[in-house]
Amino acid sequence: MRKSHNDIEIRSKIWIEVNGEPVFGRGRRFLLTAIDKYGSINQAAKDVNISYRKAWSHIKAMEE
């Protein structure tokens, strides 16, 4: 079976690193969106399935 050109899909991932450490990407965007939605870091961490400590670490890295 031959696929037509309409079946072609281009995908990419983009993130920001500082000194080789990621500071922003898809997962952290989801975290910030969840914080905005719930108004709570704890609830947002649960929503994106990470620990509160990990969420706080991501926030701190983004702030710096």
Side-chain angles (χ1 to χ4, degrees):
M1 181 179 196
R2 186 175 166 194
K3 289 186 173 186
S4 71
H5 292 294
N6 294 335
D7 294 332
I8 295 173
E9 191 170 326
I10 298 172
R11 296 178 177 226
S12 65
K13 291 185 178 182
I14 298 174
W15 63 92
I16 299 170
E17 291 183 359
V18 175
N19 297 324
E21 294 294 320
V23 294
F24 191 79
R26 182 174 180 230
R28 293 177 191 202
R29 179 177 56 89
F30 289 151
L31 175 62
L32 291 176
T33 300
I35 291 170
D36 186 48
K37 178 180 178 181
Y38 296 110
S40 162
I41 296 170
N42 190 40
Q43 186 60 43
K46 289 177 185 176
D47 188 62
V48 298
N49 202 29
I50 61 174
S51 70
Y52 175 86
R53 183 176 180 159
K54 182 84 165 178
W56 189 247
S57 173
H58 288 335
I59 293 166
K60 190 173 180 182
M62 289 185 283
E63 285 180 337
E64 291 174 356

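Please read these numbers as outputs of a predicted model, since none were measured by experiment. Residue numbers count from 1 along this sequence.
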Side-chain contact, heavy-atom cut-off 4.5 Å: Val48 with Thr33?
-> no
Are Met62 and Ile16 grouped together when hydrophobic residues (ILVMFWY) are joined by side-chain heavy atoms under 4.5 angstrom apart?
->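 Result: yes, single cluster for both.
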Ser57: side chain to side chain contact (heavy atoms under 4.5 Å, CB included) partners, not counting sequence neighbours = none
Residues forming a side chain to side chain donor-acceptor pair (under 3.5 Å) with Glu64, sequence neighbours excluded |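 None.
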Could you tell me which residues satisfy side chain to side chain donor-acceptor pair (under 3.5 Å) with Trp56, sequence neighbours excluded, listed by chain and number?
->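 Here no residue qualifies.
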Members other than Ile14 in its cluster, when Ile, Leu, Val, Met, Phe, Trp, Tyr link by side-chain heavy atoms under 4.5 Å?
->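 Ile14 shares its hydrophobic cluster with no other residue.
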If every non-hydrogen atom of Ser51 is compared with every non-hydrogen atom of Ala45, which pair is closest and at what distance?
-> O-CB, 3.8 Å
Of all the heavy-atom pairs spanning Glu17 and Gly20, show the shortest one and how long it is.
->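 The answer is OE1-CA, 3.7 Å.
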Could you give all pairs that pass the side-chain hydrogen bond (donor to acceptor under 3.5 Å, both in side chains) test and reach residues 34-48, with sequence neighbours left out?
-> Tyr38-Asp47
With a cut-off of 3.5 Å and sequence neighbours excluded, list every side-chain donor-acceptor pair involving residues 21-31.
| from | atom 1 | to | atom 2 | distance (Å) |
| --- | --- | --- | --- | --- |
| Arg28 | NE | His58 | ND1 | 3.3 |
| Arg28 | NH1 | Pro22 | O | 3.1 |
| Arg28 | NH1 | Val23 | O | 3.4 |
| Arg28 | NH2 | Pro22 | O | 3.4 |
| Arg28 | NH2 | His58 | ND1 | 3.0 |

